[in-house]
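In what follows, a structure is listed as structure tokens, so that the remarks can point back to it.
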Amino acid sequence: MEYLLEALHVIKVFGTLKVNDDVTLKVKPGEIHAFLGENGAGKSTLVKMIYGALQPTSGEFRWMGKSVTIPSPAAARKLGIGMVFQHFSLFDALTVAENIALAMPGAFDMKKLSERITRVSRDYGLPLQPTAVVADLSVGERQRIEIVRCLLQEPKLLIMDEPTAVLTPQEADQLFVTLARLAGEGCAVIYISHRLEEVKRLCHNVTILRHGKVVANVDPAKETAASLARLMVGGDIHVVKSAREDQRGATRLKLDHLKLPADGPFSVELKNVSLEVKAGEVVAVAGVAGNGQSELFDAVSGERSLASAAMLAIDGRPMGHDGVNARRNVGAAFVPEERLGHGAVPGFTLSQNVVLTRHSSDEALVKSGMVSSGGAAGVSQRVIKDFDVRKGKPDPEARSLSGGNLQKFVVGRELDRKPGVLVINQPTWGVDAGAAATVRQAIVDLARQGSAVLVISQDLDEIFEIADRIAVISRGELSEAYPASDLSSEKIGLLMAGAHELKETLHAARA
Amino acid sequence: MRLVLEKRAEASTRMAYLSPIIAIALTLITGGIIFALRGLNPFTALYVFFVEPLTTSWSIEQLIVKATPLAMIGAGLAVSCLANVWNIGAEGQLTAGAILGSAIPVFFPDFQSPMTLVLMLSLGVIGGMAYGAIPAFLKNRFGTNEILTSLMLVYVIQLVLDWLVRGPWRDPKGYNFPKTIAFSDWQMLPQFKLIPDSIGPIYINLGAIFAVIAVIALAFMMGRTLKGFELRVQGVAPRAGRFAGFSRERTVWFCFLLSGGLAGLAGICEVMSTVGQLQPGISPGYGFTAIIVAFLGRLNPVGALLAAFALAISYLGGESAQVALGISDKTARVFQGILLFYILACDSLILYRLKFLRSTPKLAEGGA
């Protein structure tokens, strides 16, 4: 048996869209094999078929040389295929051991299981406390549960879907050690990512997908990050140009000891967040997912009202009590993380979605309570033209657009107003490289024209590309904003881990 | 062979209009089968049920009488449901409106002027709104589920009505029948001749005109105004609604007051026309049937007007089937239930398409 898993001419069609087009690839035992590609290249669909969650339209899979069909994830696990999804399926209110027990087939002994969890987690450098309640754990620790859950079933192939997206740089390093050790024991790993440095560092083999097709199968050690990127995108990537002249003006957005209580058992409380964003600069808030980013966005946008008006000021006006439209009316604009269902109504056309955020600030859109569909269509056409939004119909429903094109529209809709203050959460989450470059360039250009821009992002590469100053959010606390040139990803990683741990390490060092 | 639902890229407009037609066709087929199982000729039975009610001018008049409250309530419910506010208690708001409006003739039987009419109608609307305000308040204040509270309140107000007409509001000269005094003159809705004697004659009352006005006004609101936009956003994407700065609480109030007010108006119009007094049974379940009207009418006020006629036929058909075929007039409710079931099922075809797959997936580890 030379290959553990082979995919031969696999095709998957959704409606009229060929998501995987004649994909052929081979994975050897003990190999860390990267699937590299932009969002929408078909990586997730491919692994979902390997894991049995989807069925190929045509083509064949071979497992240890034998042709197989994998009708369900249960069948995949039986074959020895484990998968760690990007979005964890854990019950927050249960303990680590209980969560793992839920996934075990047949009867089990809780005590023995806890012992096994402790042993496996220790052996692979994934420290876990079986009795800990999931709600209290960090995202990195939650990911460990998912990995241990797979390892307990002694897989021959482990699939990891963008595992480092939710980790601090230090946590990612720890994960790489574990994966290398697994591979050393003969377990194959399929590693999905679009982070080139990581793939170069960790993987033995790279299959690059573009528009559903395999475009290359290369040895990452012999490639540069730039050559991998070219293969992935199919051309050169636009580099964001930002004249980094320090022409900082007056403070346009000010958060002053902003506090916001948690509004649910799993929401994060914001504690004393202070930040100033001046005219002409881009300030980024870095942090691992789930540390208060969405709460910060809700507080700044006005979707949740603040206890005191002075906690938030726009151009010197205290606006903590004002709602999202009042803040828009004084020149602020907001782009939330979730495009569909938050930033845009999926079933509404693009021009109707223009009305969604601009009905209060644009006098031309609503006249004496009546919506002007002509006015909305005009704005929508302008945004589509300026931001090169690709679409099938003149005024399609938002949900029919690809992620990148919808993001260009949602960002463009706000930038078209020339806002004085822009707050944008995860500007390029799940967006292809071309659209991401367009959006980043537009953000930088807006700042250079005198606006204040606050970017909340989990993508460090993105942050270093566009930010003038960087603050880090951790467990609802925001660090001081440091000039981007003073920070390295290591330092940000330490800040991400939280001020508490930093103090603890300092104490430990002194002791 | 396998049947799968495959998601469409965009909602199908064609299916949105075809779905109620398919649903009606499936209802007729199912109804025919039920009649056949009961030993009746399905074609005769369906004819008696659905066609006969349209053959005389008297029955067309009755059709309009029955369609009036259905359209009025259905249009209000359509707007509510579209905004994701589930008012299941229109029957109760109808009753509350009828009770409050009837207070005028009960307490001031001799007060007769055009103002009587205006006052009774206004009190009807206020009664419906006030009763609709209860679930709205409970939802906004305590987060209760409005489906449950509004539905349970129906039975409360029906018992109140029962108590009133058997107790304090009973007609002293009414031989102990559970009813109030009979309304007269300005306590009744004026009638208009819609179609002249030479063809009809067909009379309609003021309620039908209110229903048409309500439908047009709501259609305009939903189609053109920012309020309509707000309600539609709240219905399909509440998070986006919040991002747009629309208040969910305000929407809950608005929808309950609107649909409750229209239900109250329908209630007072019923007692001021067909019934002519307050008694325990003032509505054959119009408030519940109006939910079906709203869905059959695509949650569109104009659609609700058309759907009201379809459901009105089922009421009349039930009556004529009772006479001609000797089956219970509850059959009408069976038809209404089947219809709602099929509409909801067919609506999934708006976002999904049906596809037949030839191959069935083999189980794990097929031959090499």
Side-chain angles (χ1 to χ4, degrees), chain A residues 14-17 52 55 60 62-63 65-72 74-76 78-79 298 301-304 323-328 334 336 338 340-349 352-353 355-360 365-373 392-393 396-400, chain B residues 2 4-13 15-16 82-84 143 217 220-250 254 299 347 350-355 357-368:
Chain A
F14 285 127
T16 53
L17 191 68
Q55 299 303 320
E60 128 176 77
R62 287 195 186 160
W63 179 252
K66 274 203 311 191
S67 174
V68 288
T69 46
I70 307 166
S72 68
K78 229 171 153 186
L79 289 175
D298 286 356
S301 69
E303 283 189 62
R304 285 180 65 195
V324 58
N325 284 326
R327 296 182 196 189
R328 285 187 183 121
F334 310 98
E338 191 64 45
L340 283 174
H342 191 176
V345 180
F348 279 18
T349 63
Q352 287 174 321
N353 271 303
V355 180
L356 187 74
T357 59
R358 296 176 58 158
H359 61 86
S360 165
L365 286 185
V366 180
K367 286 174 196 138
S368 51
M370 309 237 288
V371 175
S372 151
S373 48
K393 295 204 288 184
E397 288 179 11
R399 67 169 145 235
S400 70
Chain B
R2 258 191 326 157
V4 293
L5 283 174
E6 192 177 81
K7 202 160 171 57
R8 299 174 193 265
E10 283 207 17
S12 154
T13 338
M15 257 303 156
L82 210 58
N84 211 357
F220 177 78
M221 180 186 82
M222 294 312 285
R224 291 297 185 78
T225 66
L226 185 64
K227 189 77 203 168
F229 182 84
E230 172 179 345
L231 294 173
R232 283 187 292 140
V233 172
Q234 296 263 350
V236 290
R239 192 74 214 274
R242 207 167 83 179
F243 185 57
F246 300 143
S247 150
R248 183 69 192 152
E249 285 196 10
R250 220 170 49 204
F254 181 85
L299 301 185
D347 274 0
I350 298 173
L351 279 179
Y352 295 86
R353 78 180 94 228
L354 272 180
K355 235 182 143 180
L357 283 190
R358 280 283 150 73
S359 61
T360 30
K362 283 169 280 176
L363 286 175
E365 304 211 42

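- Among all heavy-atom pairs drawn from Met370(A) and Phe220(B), the shortest one is SD-CZ, 3.2 Å.
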- Determine, step by step, whether Asp298(A) and Arg242(B) satisfy the side chain to side chain contact (heavy atoms under 4.5 Å, CB included) criterion, reporting the C-alpha distance in whole Å, the side-chain angles of both residues, the deciding distance to 0.1 Å, and the verdict. CA-CA 10 Å; Asp298(A) 286 356; Arg242(B) 207 167 83 179; 3.5 Å; yes
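- For the set Ser301(A), Ala76(A), Pro336(A), the entry with the most heavy-atom pairs within less than 4.5 Å of chain B is Pro336(A).
- Only the side chain of Lys393(A) comes within contact range of chain B, with heavy atoms under 4.5 Å apart.
- Heavy atoms of Val355(A) lying under 4.5 Å from chain B belong to its backbone as well as its side chain.
- With sequence neighbours excluded, the residues that form a side chain to side chain contact (heavy atoms under 4.5 Å, CB included) with Ser12(B) are Arg8(B), Arg14(B), Met15(B).
- Chain B forms the most heavy-atom pairs under 4.5 Å with one residue out of Arg328(A), His342(A), Arg62(A), and that residue is His342(A).
- Taken from CZ in Phe243(B) to CG in Asn325(A), the straight-line distance is 9.5 Å, to the nearest 0.5 Å.
- Residue contact with chain B, scored on non-hydrogen atoms closer than 4.5 Å, involves the backbone and the side chain of Gln352(A) alike.
- The most heavy-atom pairs under 4.5 Å with chain B, out of Asn353(A), Val324(A), Val371(A), come from Val371(A).
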Let me have the donor-acceptor pairs involving side chains of residues 226-235 of chain B, under 3.5 Å, with sequence neighbours excluded, atom names and distances please.
from      : atom 1 : to        : atom 2 : distance (Å)
Glu230(B) : OE2    : Arg250(B) : NH2    : 3.3
Gln234(B) : OE1    : Arg248(B) : NH1    : 3.0
Gln234(B) : NE2    : Thr251(B) : OG1    : 3.4

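- Crowding of Arg304(A) atom CZ: a count of heavy atoms from other residues, nucleotides or ligands under 6.0 Å exceeding 12.
- Annotation for Val345(A) and Ala240(B): closest pair CG2-CB, 3.9 Å, computed over non-hydrogen atoms.
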